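The shown structure was predicted, so the numbers you read here are calculated from the model rather than taken from an experiment.
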Amino acid sequence: MAMWRGVMLALQFLTVFPLRMQVDWNERTARVAVLSFPFVGAIIGLFLVAIHVVLSDHISSLVLSFLLLFFSIFLSGGLHADGWMDCSDAYFSYRDRQRRLDIMSDSRVGAFAVLSILFLLGFRFIFMFETVSHMSLFSLFCIPLFSRFGMTLLLLTTPLAKQTGMAAAFRQHVDHRYAPFLVVYGLIALLSFETIVLFLSLMLYYVVARVFAIKQFGGMTGDVLGAFIEGSETCLWLVIWLLHIFAIL
C-alpha cells in the first residue's frame, strides 16, 4: 500500500493528472515517490506515443510536432519549464552563488528566462519536426522516461545547494545508496540501438549538468532538477536528429 501511495505522490507532484487521492508524506512514501519519477516519465511517454499513433496519419508533421511538444510540457504543468527559466535568470545574472539562489526563488520572470525558453523550445521543435514522421515510437516513449531517470539520478547523487524546498524535502529520505534501484529503468535502453545511444547521451548530459550545477549554484535545487528535464529532452531530440541526419538510422 505504501508503494502505491508513493507512486501516486510522484504522479501528483510531476504531472497534472487529476488524482485526488490523499497521500501522507512520510519517509517510505517519499522514498518510493523519488524512485517512481522515471515511471512517471514512462506514463508521459505512453501518452505521447498514443498521440502519435492516433493522429500521425491524419495531420501534418508540423502539427504533430507541435502537439507532442505542447503535451510534453502541459502534462508536467509547466513545472520543469519554470525551473529552466529560473535557472536561466540566475545563471545569466552573473552574480555570486547566494544571489543566484535568491534569483531562482524570485517569482518574477526576467528577460533571460524568456529568451532561453524560446530558444530551447524552438530548437526542440525543429528537431521534432525533422524526425517525428520516421522516428521509432519506442524512442518517443523513452525520451521522457530517460529525462526523469537522469533527474532522479541527479537528485540522489548531487549535494543540495540549500536546505529548503522540495528537492531538500525528498533528499531527507534518499541518497546515492538508492541509485542502484534505478538500474531497471536503464535496462530498457538495451532494447534498441537508438535507445542505447540516447541513454549514453543522457548519461553524458547528466555528468555535465551535475558539474555545472555544483559550480554555478553550489549544488542541486528543485529548479535545477526541472531545468535538467527540459534540457535533457531537448538534448535527446538533438541526438535523434543527428542520427537521422548522418543516416545512421
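- Legend: residues meeting salt bridge (Lys or Arg N to Asp or Glu O under 4.0 Å) with E230, ordered by chain and number and at least two apart, are R124.
- A distance-only check finds a donor-acceptor pair linking the side chain of H52 to the backbone of V132 [under 3.5 Å].
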Can you list, pair by pair, the side-chain donor-acceptor contacts under 3.5 Å of residues 196-207, counting residues two or more places apart and other chains?
from, atom 1, to, atom 2, distance (Å)
S201, OG, V197, O, 2.8
Y206, OH, T157, OG1, 2.6

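- With a 4.5 Å cut-off on side-chain heavy atoms, H173 and Y178 do not count as touching.
- Distance check, rounded to the nearest 0.5 Å: CZ of F123 to OG1 of T234 gives 10.0 Å.
- In this structure, R171 contributes its side chain and T158 its backbone to a donor-acceptor pair below 3.5 Å.
- Side chain of S116 to main chain of A113: a donor-acceptor pair is present (N/O by atom type, distance under 3.5 Å, no hydrogens or angles).
- Between the side chain of S36 and the backbone N or O of F39 there is no donor-acceptor pair closer than 3.5 Å.
- D57 pairs by the side-chain contact (heavy atoms from CB on, under 4.5 Å) definition with nothing, not counting sequence neighbours.
- Proximity of H80 to R148: side-chain heavy atoms (C-beta onward) are separated by under 4.5 Å at one or more points.
- Take A90 and apply the side-chain contact (heavy atoms from CB on, under 4.5 Å) test, not counting sequence neighbours, and it matches R100, I103, M104, F217.
- Taking the salt bridge (Lys or Arg N to Asp or Glu O under 4.0 Å) definition, one finds that R31 meets it with E27, sequence neighbours left out.
- Within the 4.5 Å cutoff, the side chain of Q172 has no heavy atoms near those of the Q163 side chain.
- Remark: D102 engages no residue in a salt bridge (Lys or Arg N to Asp or Glu O under 4.0 Å) (not counting sequence neighbours).
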